[in-house]
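Written below as structure tokens is the structure these notes are about.
Please read all numbers here as calculations on a predicted model, not as lab measurements. Residue numbers run from 1 in the order of the sequence given.
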Amino acid sequence: MSMNQIAFGTGIAGVRVSMAKPWAVRAELPKAPDLCADRSILRSGSSSSRRRDLVFVVNPSGANGRTGKEWKKLLPYLRFRLGADCNISESLTSGPSHAIDITREAIREGADAVIVVGGDGTLHEVVNGFFWAGKPVTNHDREVTHSTALGLIPLGTGSDFARTFGWKNDPHEAIDRIAKGQRSRIDVGVISGEDGEPHYFVNVADIHLSAKAGYYASRYKRFGNLCYVIGALKAFVGHRNQDLKIKVNEGEWELYSQVTALCIGNAKFFGGGMKITPNADPHSGNFEVVILQDFKWYDFILKLHKLYNGTHLTVKNVSSRSVHLIEVEDVSGSGSIYVQSDGEHLGFLPRKFCILPSAVEMIC
């Protein structure tokens, strides 16, 4: 089944729709007066009377099926708030990487915004859809002056990226943000490995124990936030701290002994609310790198509250630094040290992480 068939084969919640573009549908709704006096998704380079094309990428199976159910409940308010002057497209993902394809097609066809409805996993895919072959995806129509913005309605299990902005898992509040249409450019992290294929992230990338815990947690998302506890317990089984080599900002290689976890933050939170990189700012042009060394299982129990409230940087064997480029290698060369970003397993060391400042416009 093609993307267009999945996304646009039927009307939205019983509302009849007609094709506005190959990827966009126009809801045939009555125009209510003064519903959104300032809902421009793009203010420059477009007519104030032009209807905005918004593509909502929905993972219906996210959060153990809760995302799909919440989305259906949300549609009436979304149509009321945005439908008067926006073309609303609903694109349901059908499996891994589908959101990447939907996003690339929407950008190429000139969407004003691609809006994630779900959690950090769907957000991760959509962000990767903004790039292809190491370059930003662009509109086919070179005369169009606007760019496609990234939006978010957080409805996932963790929704950690939204926490950095102080956003709650309140979809009505998110729709109001989209209606106001304020944009801000955010940084994007890039991960490259031995194969040279770049991978993009906006939240936190991490290495070793935390990445292994995330790998296991992804298998237990049906238990909600409890999946992170299960993942951590399974990751501790057989865990050994490892010596790592690190090169920062193209400097000299440094040896970090007995590393438990290394976290590279473009934003602040991961693991269902743990404020692991508390000084990270997706507008700063730098990562915050936090390294935990020689932690034992009981250290996590004793210091867990500090990890969640972001006061762990003063703890013994915890270090932090600001970087725009970092390379990490396993001294032993075992090829068994886990790497993940935004909760998605990406394989094993070695890896190189760099930042793309102000790479994507986000509705905030």
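- Phe201 meets the ring pair (Phe, Tyr, Trp, His ring centres under 6.0 Å) test with Phe287; sequence neighbours excluded.
- Sorted by first and then second residue, the pairs that involve residues 310-328 and meet salt bridge (charged side-chain N to carboxylate O under 4.0 Å, His left out), not counting sequence neighbours, are Glu254-Arg321.
- For the side-chain contact (heavy atoms from CB on, under 4.5 Å) with Leu155, the qualifying choice from Val58, Asp170, Val116, Val117 is Val117, the only one to do so.
- Using a 3.5 Å distance cut-off with no hydrogens or angles, the side chains of Tyr77 and Asp176 do pair a donor with an acceptor.
- In this model, no donor atom of one side chain and acceptor atom of the other lie less than 3.5 Å apart for Ser89 and Asn87.
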**Request:** Evaluate the ring pair (Phe, Tyr, Trp, His ring centres under 6.0 Å) criterion for residues Phe348 and Tyr338: first the C-alpha distance (whole Å), next the side-chain angles of each, then the deciding distance (0.1 Å), finally the verdict.
**Result:** CA-CA 5 Å; Phe348 306 92; Tyr338 284 67; 5.0 Å; yes
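- A 6.0 Å sphere centred on CH2 of Trp132 holds no more than 12 heavy atoms belonging to other residues, nucleotides or ligands.
- Under the 3.5 Å distance criterion, with hydrogens and angles disregarded, no donor-acceptor pair is assigned to the side chains of Glu329 and Trp253.
- Between the side chains of Asn241 and Thr260, at least one donor N or O lies within less than 3.5 Å of an accepting N or O.
- Put simply, the side chain of Asp299 gets close to the backbone of Lys296: a donor and an acceptor are under 3.5 Å apart.
- A perpendicular orientation is assigned to the rings of Phe236 and His239, their planes being inclined by more than 60° (bins at 30° and 60°).
- When only modelled atom types and interatomic distance are considered, Ser284 and Asn286 share no side-chain donor-acceptor pair under 3.5 Å.
- With sequence neighbours left out, the ring pair (Phe, Tyr, Trp, His ring centres under 6.0 Å) criterion links Phe295 to Phe300.
- For Lys247, the NZ atom sits in a packed shell: over 12 heavy atoms of surrounding residues, nucleotides or ligands are nearer than 6.0 Å.
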